[in-house]
Amino acid sequence: LLPCCVQHDGPAPVAAFLRARP
Amino acid sequence: PAQWVLIAPEAALDPPKKPDSEPLFTKLRNPSTGEATLYLFNSGAQQLFEVKAFHEECRSWFIGQTVQQDGRLLFVTPMDPLFLILYYLIKADKEQQGKFQPLDQVVLDSEYPSCPLLLKCADVKQYIQHVTEEKEIGSQKFHKYSQEKTLKWLKKKVNQTVKALKSNNISVGERVLASTLINSKQITDAQEDYVRYAHGLISEYIPEDLSKELLKY
Amino acid sequence: MALSALQRDPAGGGRFASAVPEPCRRLPCALGVDEAGRGPVLGPMVYAICYCPVDKLEQLEALGVADSKTLSEAERERRFGLLEAAGDWVGWALQVLPPDHISACMQQRAKYNLNELSHDTATELIQFALDSGVQVAQVLVDTVGPAEKYEAKLRQRFPGLGVTVRPKADALFPVVSAASICAKVARDRAVLHWNFVEDLGDPDRDYGSGYPNDPKTKEWLRRNLEPVFGFPRLVRFSWGTAQALLRDRGVPVRWADEDPPEDPPAPPSVLSYFARSPPRRPPHRFFQERSLRPLAEL
């Protein structure tokens with residue numbers, strides 16, 4: 001859940017830019 | 001959007017036992033506001049759930065490798081169908097001057113075709129006696145709204161809510177207290193504060209006139 | 001190799017330093033300060049100090065460190081090699097400021113602008129030299145901004161040291177020129193060996209000079225702009241060039257604490273003052289406090 005509004009619905013290379021951490 | 005992020009108990013999403021009886025999101029009449037509000041019936045309409053959204057401004061989701069503008073998080077929680085049925089019982093009582101009627105002729109709404117599913121929920125036919133007087137003629141049952149029984153039932157709901165508020169350490173006092181601040185003094189909310197708060201919560205689920213009667217009660 | 005640690009992880013930035021030569025611990029030293037990479041829209045900014053005993057300044061000049069700006073990249077590398085070889089009497093230290101750190105400082109709520117960042121970095125490097133045991137007697141600094149104020153600030157910070165701040169100091173003082181070479185070589189290597197932390201496959205490195213008015217750099221920026229995430233961390237998001245591209249080609253992103261839009265909201269209709277239905281009761285504060293709302297539809 002992001003603390004901002006991204007004004008788009010669609011693909012995003014999340015794994016390329018973010019690393020999930022517990 | 002084509003997808004939503006939702007937290008629900010397992011019972012809401014159990015697979016259907018029969019075809020054409022999947023979980024169903026549907027609009028029903030909100031008993032407090034009278035407006036269309038979203039609810040969920042699980043498979044076979046055994047249980048009713050209310051749907052609420054955690055909704056803050058300026059939120060979005062990353063879901064896997066997609067971005068979703070709609071940043072709401074939906075919560076699905078079990079709800080007593082009697083709250084929704086009450087509206088129709090009270091309406092029928094006014095319109096039919098206290099006549100006993102079969103439930104399936106009372107719980108009807110041209111604006112909300114899913115309304116009769118409320119009567120399919122488990123144990124409704126048994127628990128309806130909490131809010132109605134009943135007559136049996138032959139094999140058929142007839143019901144009439146009872147304000148006295150309803151207030152007694154609602155009082156139990158309020159008391160249960162008070163217990164839940166206390167056990168979950170919900171602050172109910174009139175003071176504004178941020179949950180992130182730890183107050184060094186031992187401040188105990190008065191019992192009246194709990195009852196008023198619980199009444200306010202229950203009032204979200206009943207018509208306004210009934211809420212006023214309940215407050216007096 | 002002295003800069004091998006930097007080349008392994010340029011994106012990480014940090015401080016890199018030679019060993020302090022023994023004469024620099026005994027003899028009064030001149031210390032020069034310069035920077036590299038202030039103007040480009042991508043890559044780190046590097047601050048460098050270079051120091052040697054005052055009585056070795058002529059020897060330093062003889063290494064050919066003067067006029068570093070006129071040198072080609074290959075020449076700079078060669079002269080850095082000469083400085084390294086003179087490691088028994090010349091010392092240096094670098095502070096590598098990664099591009100995302102620069103952008104974050106410039107864009108954070110309490111703005112920390114590039115000049116303040118530069119001055120503080122230079123001050124910290126001078127202090128580092130003192131803390132490492134260098135007998136600093138003179139500090140010579142190159143600056144692009146007003147020299148007098150900066151000089152006064154450094155004199156106040158380092159009383160007892162001779163401080164000289166000048167524009168184009170790298171052309172005037174060999175120890176500043178040597179620092180300039182260290183800074184430029186470090187920056188060039190950081191950009192050449194840049195480790196993209198983003199998982200972007202094999203991004204092209206044809207970014208030209210890195211300056212905003214370089215068409216090759218602009219073209220690289222356009223090619224490597226991802227509409228949701230923007231650019232790789234190599235890019236300084238706070239630069240006007242980057243911001244303009246994000247505005248034109250990126251997906252709009254709105255934050256709760258951003259300034260309100262310029263257009264004021266339309267005034268309410270007169271009819272709204274004559275509502276037929278009674279005003280709706282607000283939701284119970286349990287729900288309000290938790291931002292929980294009913295839904296009319298999905």
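Worth knowing before you read on, the calculation uses all heavy atoms, side chains too, and leaves out hydrogens, waters and symmetry mates. Nothing here was measured: the structure is a model prediction, and the numbers come from that model.
At most 12 heavy atoms of other shown residues, nucleotides or ligands fall within 6.0 angstrom of atom CD in B:E148. Within 6.0 Å of NZ on C:K153 lie more than 12 heavy atoms contributed by other residues, nucleotides or ligands. Atom CZ of B:R29 sits in a crowded spot, with more than 12 heavy atoms from other residues, nucleotides or ligands closer than 6.0 Å. Heavy-atom contacts from other residues, nucleotides or ligands closer than 6.0 Å to NZ of B:K18 number 12 or fewer. Around NZ of B:K149, the count of heavy atoms belonging to other residues, nucleotides or ligands within 6.0 Å exceeds 12. The 12-atom threshold is exceeded at NZ of B:K166, counting heavy atoms of other residues, nucleotides or ligands nearer than 6.0 Å.
The CD atom of B:Q69 sits 8.5 Å away from the CZ atom of C:R254 when rounded to the nearest 0.5 Å. Distance CD1/B:I202 to NE2/C:H284: 10.0 Å, rounded to 0.5 Å. Distance check, rounded to the nearest 0.5 Å: CD of B:E57 to OG of C:S291 gives 9.5 Å. Taking NZ of B:K27 as the start and CG of C:L295 as the end, the distance is 10.5 Å to the nearest 0.5 Å.
Using bins of under 30°, 30° to 60° and over 60° for the plane-to-plane angle, the ring pair B:F62/C:F229 lands in the parallel bin.
Residue contact with chain C, scored on non-hydrogen atoms closer than 4.5 Å, involves the side chain of B:V67 exclusively. Using a 4.5 Å cut-off between heavy atoms, B:Y197 touches chain C through backbone and side chain atoms alike.
Residues B:E204 and C:R285 are not paired through a salt bridge, judged by the lack of any N-O separation under 4.0 Å between the basic side chain and the carboxylate.
Smallest separation of non-hydrogen atoms from C:R293 and B:H55: NH2-O, 3.3 Å. Of all heavy-atom pairs spanning B:T37 and C:P294, the tightest one is CG2-CB, 4.1 Å.
Each of B:N30, B:L73, B:L38 has some count of heavy-atom pairs under 4.5 Å with chain C, and the biggest count is that of B:L38.
In this structure, the ring of B:F54 has its center no less than 6.0 angstrom from the ring center of C:F287.
C:L298 is listed as a side-chain neighbour of B:L74, based on a closest heavy-atom distance under 4.5 Å.
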